[in-house]
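Here the structure is laid out as structure tokens; the discussion comes afterwards.
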Amino acid sequence: MSVYILGIESSCDDTSAAIIKDNVILANIIANQEVHRQYGGVVPELASRAHQQNIIPVIESTIKKAGIVKEQIQAVAFTRGPGLLGSLLVGVSFAKAFALGLGIPLIEIDHLQAHILAHFIQNEENPHSIPGFPFLCLTVSGGHTQIVLVKDYFEMEIIGKTIDDAAGEAFDKASKIMNLGYPGGPLIDKYAKEGNPAAFEFAKPHIPGLDFSFSGLKTSFLYFLRDRLKENPDFILQNLNDLCASIQATIVSVLMDKLQKASSQTGINRIAIAGGVSANSSLRTNIMDAQKKLGWEVFIPRFVYSTDNAAMIAVAGYYKYLKKDFSNQMAIPYSRSKM
Ligand code: KG4
Ligand code: ZN
């Protein structure tokens with residue numbers, strides 16, 4: 001018999017709910033919080049308040065869109081962490097109350113594992129090929145950059161990670177330096193499409209092994225622009241597309257180099273990408289090219305499941321439901337990764 005699960009995601013600035021029937025998604029609604037745009041980044045206090053305003057309407061519309069009634073839901077999966085504590089508390093508290101009210105089990109989900117498990121979401125009209133185990137997943141978001149060896153649904157080993165900034169942070173900080181706005185990734189991606197990726201060269205980090213570092217790149221970008229702006233105050237405006245294309249090409253090439261190294265070291269050529277930065281068009285093109293050039297079998301999530309969403313929480317919930325891996329009313333959020 002099929003199982004219906006409600007997924008709830010509230011770790012940062014998106015309030016999202018999803019209903020899944022086994023691993024097939026029936027509804028996935030995401031309410032973005034526009035309030036942060038004017039501050040150039042997420043303001044935690046405002047994020048919690050906006051989650052509080054959004055959560056009931058988002059859940060109601062998701063259940064309605066899925067075409068079910070709440071009594072059909074057999075479990076509630078929620079993001080327990082990592083993320084902003086105030087934001088997480090809203091989703092966690094709602095999930096507990098909902099589960100208690102309906103007398104159904106609670107399932108706690110790690111946000112980073114869920115980004116990876118987004119590859120297992122099925123869609124009725126459009127079936128999607130799912131990765132076999134083991135595979136490597138490059139998880140790149142606003143807060144994390146990791147290469148994960150995925151041995152099974154919940155058996156994951158981090159084999160490389162950033163020692164400072166995340167890849168998404170590098171996009172967001174470069175955007176801030178150019179006064180483009182927040183979040184920076186999609187804006188840089190947009191302008192880069194019209195620019196020359198070889199127009200400017202920025203020093204790439206030299207970090208041993210499979211780890212990453214992006215803070216030096218941000219500083220070199222800052223100093224480079226500071227010097228050019230002294231000579232020409234309109235430098236950014238006049239070179240915006242080329243600047244975006246060049247910084248994007250540098251970030252993507254750092255990611256691709258390490259992924260290639262991870263693949264040769266482990267002998268695994270089943271490669272997936274996940275997290276907000278996996279929406280990047282240049283990263284997607286590079287991964288597709290590697291499929292041809294390096295013989296990789298690649299897995300790219302649907303655009304809507306790259307950035308934060310509750311469908312990934314619901315699908316992770318489904319695989320925990322099968323194992324009867326339930327949480328309880330004592331669960332409290334965590335801010336730092338436990339993986
Ligand atoms: O996974 P996500 O939605 O939230 C976190 O868990 O952090 O990732 C958000 C990050 C932001 O840094 C954003 O700038 C980046 O993903 N991002 C992109 C693109 N779309 C979102 N970065 C590069 N290119 C994109 N198209
Ligand atoms: Zn995320």
Side-chain angles (χ1 to χ4, degrees), residues 7-16 18 28 30-33 36-37 40-42 44 47 78-84 87-88 91 109-119 137-146 148 161-162 165-178 180-193 195 197 212 214 217-218 244-256 272-287 300-313 315-316 335-337 339:
I8 300 173
E9 156 62 33
S10 73
S11 65
C12 191
D13 60 338
D14 294 305
T15 318
S16 181
N28 175 49
I30 305 167
N32 305 115
Q33 302 180 358
H36 307 288
R37 222 169 263 277
V42 177
F78 63 95
T79 307
R80 188 174 157 205
L84 300 170
S87 290
L88 288 163
I109 301 297
D110 181 274
H111 182 85
L112 293 168
Q113 289 195 338
H115 268 303
I116 297 172
L117 294 175
H119 284 281
C137 186
L138 172 72
T139 309
V140 267
S141 71
H144 298 88
T145 296
Q146 304 175 331
V148 185
K161 62 180 184 313
T162 182
D165 292 351
E169 226 172 327
F171 275 102
D172 295 337
K173 286 181 176 170
S175 165
K176 201 165 183 175
I177 293 170
M178 293 186 286
L180 292 184
Y182 179 86
L187 293 165
I188 292 184
D189 196 351
K190 183 177 96 181
Y191 294 116
K193 290 198 171 89
F212 300 88
F214 286 104
L217 177 61
K218 170 199 68 190
C244 288
S246 303
I247 192 77
Q248 174 173 284
T250 313
I251 298 170
V252 170
S253 104
V254 171
L255 296 174
M256 289 303 299
I273 53 173
V277 180
S278 70
N280 185 265
S281 54
S282 168
L283 179 60
R284 287 175 170 236
T285 312
N286 271 271
I287 291 276
I300 300 177
R302 287 202 186 90
F303 205 76
V304 58
Y305 305 138
S306 300
T307 45
D308 288 349
N309 67 87
M312 67 186 195
I313 306 302
V315 79
S335 58
R336 297 204 159 269
S337 178
M339 264 177 78

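For ligands, and for the atoms within them, numbers begin at 1 and follow the listed sequence.
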Which atom names give the shortest non-hydrogen contact between A166 and S141, and what distance separates them?
CB-O, 3.6 Å
Let me check your reading of the structure: within less than 2.8 Å of the Zn ion (ligand 2), is there an N/O/S atom from C12?
no
Could you identify the single nearest non-hydrogen protein atom to atom 9 (C) of ligand 1 and state the distance to 0.1 Å?
G142 N, 3.7 Å
For the residue pair H111 and H115, categorise the inter-ring angle as parallel (less than 30°), tilted (30 to 60°) or perpendicular (more than 60°).
perpendicular
If hydrogens are left out, which of I30, V252, D189 has an atom nearest to atom 26 (N) of ligand 1, that is, the closest non-hydrogen atom?
D189
Short N or O distance, G168 and ligand 1, threshold 3.5 Å exclusive:
yes
If you consider just the N/O/S atoms, which atom of D308 is the closest one to the Zn ion (ligand 2)?
OD1
Can you tell which part of H144 has a heavy atom less than 4.0 Å from ligand 1: side chain, backbone, both or neither?
neither
Work out whether the distance between some heavy atom of C12 and some atom of ligand 1 is less than 4.0 Å.
no
Main-chain N/O of G81 paired with S11 side-chain donor or acceptor, under 3.5 Å
no
Is there a heavy atom in H111 that sits closer than 4.0 Å to ligand 1?
yes
Report yes or no: does a heavy atom of Q248 sit under 4.0 Å from some atom of ligand 1?
no
Quick check: does any side chain N or O of H144 sit under 3.5 Å from a backbone N or O of G168, one acting as donor and the other as acceptor?
no
Element-labelled atoms of ligand 1 that are located less than 4.0 Å from some non-hydrogen atom of G143:
7 (O)
What atoms of ligand 1 come closer than 4.0 angstrom to any heavy atom of G276?
1 (O), 2 (P), 8 (O), 16 (O), 17 (N), 18 (C), 19 (C), 20 (N), 21 (C)
The protein heavy atom nearest to atom 22 (N) of ligand 1 is G185 CA, 3.3 Å
Among all protein heavy atoms, pick the one closest to atom 2 (P) of ligand 1 and tell me residue, atom and distance.
D308 OD1, 3.3 Å
Among D14, T15, T307, side chain to side chain contact (heavy atoms under 4.5 Å, CB included) partner for N32:
D14
Can you measure from CZ (F303) to OG (S281) and round to the nearest 0.5 angstrom?
8.0 Å
Straight-line distance of I300 CD1 to I287 CD1, nearest 0.5 Å:
6.5 Å
When rounded to the nearest 0.5 angstrom, what is the spacing between CG in L88 and OG1 in T79?
7.0 Å
Quick one: which ligand 1 atoms are inside 4.0 Å of a heavy atom on H115?
1 (O), 6 (O)
Could you tell me whether a side-chain N or O of D13 sits under 3.5 Å from a main-chain N or O of V42, the two making a donor and an acceptor?
no
Within less than 2.8 Å of the Zn ion (ligand 2), any N, O or S from H111?
yes
Stepwise side chain to side chain contact (heavy atoms under 4.5 Å, CB included) test for E9 and I109
CA-CA 9 Å; E9 156 62 33; I109 301 297; over 6 Å; no
Closest protein heavy atom (residue, atom, distance) for atom 24 (N) of ligand 1:
N280 ND2, 3.0 Å
Between D172 and ligand 1, which residue portion shows a heavy-atom distance shorter than 4.0 Å: side chain, backbone, both, or neither?
side chain
By atom name, which N, O or S atom of H115 is the nearest to the Zn ion (ligand 2)?
NE2
For G275, is at least one N or O under 3.5 Å away from an N or O on ligand 1?
no
Stepwise salt bridge (Lys or Arg N to Asp or Glu O under 4.0 Å) test for D189 and K193:
CA-CA 7 Å; D189 196 351; K193 290 198 171 89; 3.7 Å; yes
Nearest heavy atoms of S87 and A47, plus distance in Å:
OG-CB, 3.6 Å
